[in-house]
Amino acid sequence: MAVSQDVHVRICHQEIVKYDLEIKALIQDIRECPGPVRTLNELNAQVKEKFGLLRLRIQDFEQLAKEQDKESDKQALLKEMECHRKQMLSNQTVWRKANLSCMQAIDNSEKDELLQGGDPTRRRKVVKENLAQSASSITENLMGISRMMAQQVQQSEVTMHTLATSSRTIQETNEEYKSMSGTIQLGRKLITKYNRREMTDKLLIFLALALFLATVLYILKKRLFPF
């Protein structure tokens, strides 16, 4: 992994962790929110903003992973990115539950306050209005959370497909490497065998040449010195 890429990955990772912690803190504030609904909506708006920033950082992290030169680095970063995405989905589930719990607590609190005194007809009217407002608010919040979770699930499926494709690529590369290793080993054996054959041929040529020279010398000796 190049130095500049490594720096960008670390910065992106740090920002993901920061947003994750901020979201967890806001969800805890929602759990403890005593009301009114306006305050809950403000907290939910902050959570949505943080989730949006977190989603962008995770997408940046995924892009950095895909730009890695080494397939092993790419695989490792994609798996880490998928862990971040699963953590975000988990936070969204907790956020949804915190909203349900908080809205229930606010409804109960408002009912108790309204039922403590005043005109019964007006109390019923106010209770209905507050219940309608609370129901509309929580429905909107829950629908927003569900849409965000659906998007993350879809992105996770795409990432898993990318990981599966990368795994197949690595496996195919390993198979090619094994095949190349076998070919290289066979070539080495053939070269060794050829070298041995070459030495044998050289020895035979040398012996043949020596025999030829010996024969020529013998013939010359017989002709020059017949006795």
Pair Lys24-Gln87, side chain to side chain contact (heavy atoms under 4.5 Å, CB included): steps then yes or no: CA-CA 11 Å; Lys24 284 181 168 62; Gln87 180 61 47; 2.8 Å; yes
So how far is it from [X] [atom1] to [Y] [atom2], rounded to the nearest 0.5 Å?
X	Y	atom1	atom2	value
Phe61	Leu54	CZ	CG	12.0 Å
Leu21	Ile16	CG	CD1	12.0 Å
Ile30	Thr39	CD1	OG1	11.5 Å
Ile58	Glu82	CD1	CD	9.5 Å
Lys202	Arg197	NZ	CZ	14.0 Å
Thr215	Leu211	OG1	CG	4.5 Å

Evaluation steps, side-chain hydrogen bond (donor to acceptor under 3.5 Å, both in side chains), between Gln63 and Gln59: CA-CA 6 Å; Gln63 185 60 36; Gln59 290 174 354; over 6 Å; no
Do [X] and [Y] have side-chain heavy atoms sitting under 4.5 Å apart?
X	Y	value
Arg96	Thr93	no
Cys33	Leu43	yes
Met88	Tyr19	no

Check ion pair Glu62-Arg85 (N to O, under 4.0 angstrom):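 A salt bridge links Glu62 with Arg85.
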Intermediate values then yes/no, side chain to side chain contact (heavy atoms under 4.5 Å, CB included), Val94 and Lys97: CA-CA 5 Å; Val94 175; Lys97 292 179 180 179; 5.8 Å; no
Set of residues satisfying side chain to side chain donor-acceptor pair (under 3.5 Å) with respect to Glu42, sequence neighbours excluded: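 Residues passing side chain to side chain donor-acceptor pair (under 3.5 Å) with Glu42: none at all.
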Derivation of the side chain to side chain contact (heavy atoms under 4.5 Å, CB included) call for Leu77 and Leu64: CA-CA 8 Å; Leu77 290 179; Leu64 287 170; 5.5 Å; no
Ser90 (side chain) donor-acceptor with Lys86 (main chain) under 3.5 angstrom: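 Checking the backbone N and O of Lys86 against the side chain of Ser90, no donor-acceptor pair under 3.5 Å is found.
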N/O donor-acceptor pair under 3.5 Å between Asn99 side chain and Trp95 backbone: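 The answer is yes, because a donor-acceptor pair under 3.5 Å joins these two groups.
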Nearest atoms (heavy-atom pairs only) where Asn91 meets Ile27: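 The answer is O-CD1, 3.4 Å.
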Results of ring-ring contact (aromatic ring centres under 6.0 Å, His included) for His13 - residues two or more places apart only: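 If we apply the ring-ring contact (aromatic ring centres under 6.0 Å, His included) test to His13, skipping adjacent residues, the hits are His84.
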Gln75 vs Glu71, side chain to side chain contact (heavy atoms under 4.5 Å, CB included): CA-CA, chis, key distance, verdict: CA-CA 6 Å; Gln75 284 277 326; Glu71 190 66 27; 4.1 Å; yes
Pairs where residues 21-43 contributes a residue and the test ring-ring contact (aromatic ring centres under 6.0 Å, His included) is met, not counting sequence neighbours: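 Found none.
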Side chains of Gln28 and Arg31, donor plus acceptor under 3.5 Å: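 Yes.
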